[in-house]
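In what follows, chains are A, B, ... by sequence order, proteins preceding strands, each numbered from 1.
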Number of protein chains: 2
Amino acid sequence: METKEQKNIAECPVAYALNLIGGKWHFQIIWALYKKPVQRYNELKRRVDGITNMMLSQSLKELEQYGLVTRIQYPEIPPRVEYSLTEEGRALTPIISELARWGVKQMAARKDS
Amino acid sequence: METKEQKNIAECPVAYALNLIGGKWHFQIIWALYKKPVQRYNELKRRVDGITNMMLSQSLKELEQYGLVTRIQYPEIPPRVEYSLTEEGRALTPIISELARWGVKQMAARKDS
DNA sequence: CAGGATCCACAGCGATACTG
DNA sequence: CAGTATCGCTGTGGATCCTG
């Protein structure tokens, strides 16, 4: 894996950031966890429209690895797992918010193509 | 192309925004044009490290279509083409800046893996 | 100088089915 | 309930060469 891509990720903070959270669902998951700070797996799945089990669990695992999401598993039957944002994850929400605001403007500005 | 994806893009402003500028080079191009507001093609190419002709011209075309970048072509020999950001493109730069700041923190926070 | 065309590789994403 | 495994597509990005 010694492509130029790696160099970009190493040198450009934006590329680095997007490498962490540029996935298709990451933003939406973070956003969902922002709107409701503690959620269980299936709850999250219901809120993030259209996501599959695979993408959700995979994304959550990545976000947890990156230190953006906290996973707490309770040793009960039936199993209960709660997800929430870390400080670093929460630090991202204003940015998402701004991006959303920008997106809304764009959508309005060019309803046509 | 009637996938659920389209629904996301239509409904979620963030997904919409990322669909516009989530490409691999878009951010970097916008950033380069922010740092030096008017640039010619080859100048831009030199500044965006590692980009190929294909990706640069393709990205610029997209950004122009979306109304984020202005392209001015001078009918001279040799050809001269200058690129700059529109208002809407410039509106994005604070967001990129924040994202960069966040990225820097992340890089520092987890130098290890 | 400023691009376009072609071909190709690969990773991201997805559907479905299965497990502790 | 909270996930995993497998398999395959498809779209994005890349190298290289060509043109007005």
Inset, instruction - Let me know, please, whether A:Q58 or A:P79 comes out on the 5' side of the other along DNA chain D by nearest nucleotide. - result: A:P79

Legend entry - Axial bend angle, the helix from C:dC1-D:dG20 to C:dG20-D:dC1: five-pair end segments, nearest 10°: 50°

Legend entry - Nucleotide D:dG13, atom P - distance to CD1 of B:I29 in whole Å: 11 Å

Inset, instruction - Would you please say whether a donor-acceptor pair under 3.5 Å links the side chains of B:Y66 and B:E88? - result: no

Legend entry - By side-chain contact (heavy atoms from CB on, under 4.5 Å) - contacts of A:S84 (at least two apart): A:V38, A:T70

Inset, instruction - May I have the distance from B:L18 (atom CG) to D:dG11 (atom C1'), rounded to whole angstrom? - result: 16 Å

Legend entry - Options D:dA2, C:dA15, D:dT4, nucleotide nearest the side-chain atoms of A:M54: C:dA15

Inset, instruction - Give me the residues of residues 66-73 of chain B where at least one heavy atom lies under 4.0 Å from an atom of DNA chain C, by number, or none. - result: B:R71

Legend entry - ring pair (Phe, Tyr, Trp, His ring centres under 6.0 Å) contacts in which one or both residues fall within residues 33-53 of chain B, not counting sequence neighbours: B:W31-B:Y34

Legend entry - Whole-Å distance separating the CH2 atom of A:W25 from the C1' atom of C:dG12: 13 Å

Inset, instruction - Measure from CE on A:M55 to P on D:dT4 and round the result to the nearest Å. - result: 13 Å

Inset, instruction - Return the value, rounded to whole Å, for the distance between atom CG of A:L56 and atom P of D:dG3. - result: 8 Å

Inset, instruction - Would you classify B:T52 as touching base, sugar-phosphate or nothing, given that sugar-phosphate means primed atoms plus P, OP1 and OP2, and contacts are heavy atoms under 4.0 Å? - result: sugar-phosphate

Inset, instruction - Would you classify B:Y74 as touching base, sugar-phosphate or nothing, given that sugar-phosphate means primed atoms plus P, OP1 and OP2, and contacts are heavy atoms under 4.0 Å? - result: nothing

Inset, instruction - When you get a sec, tell me which of D:dG14, C:dC1, D:dA2 is the closest nucleotide to the side chain of B:K24? - result: D:dG14

Inset, instruction - Let me know the distance between CD of A:E43 and C1' of D:dG3, rounded to the nearest Å. - result: 16 Å

Inset, instruction - Write down the distance between CD1 (B:I51) and P (D:dA15), rounded to a whole number of angstrom. - result: 11 Å

Inset, instruction - Of all the heavy-atom pairs spanning B:P79 and B:R40, show the shortest one and how long it is. - result: O-NH2, 3.5 Å

Inset, instruction - Give one of base, sugar-phosphate or nothing for B:N42, where a contact means two heavy atoms less than 4.0 Å apart. - result: sugar-phosphate

Legend entry - Contacts of A:V81 that satisfy side-chain contact (heavy atoms from CB on, under 4.5 Å) - sequence neighbours left out: A:R71, A:Q73, A:Y83

Inset, instruction - Only counting residues at least two apart or in another chain, list the ones meeting side-chain contact (heavy atoms from CB on, under 4.5 Å) with B:E98. - result: A:I95

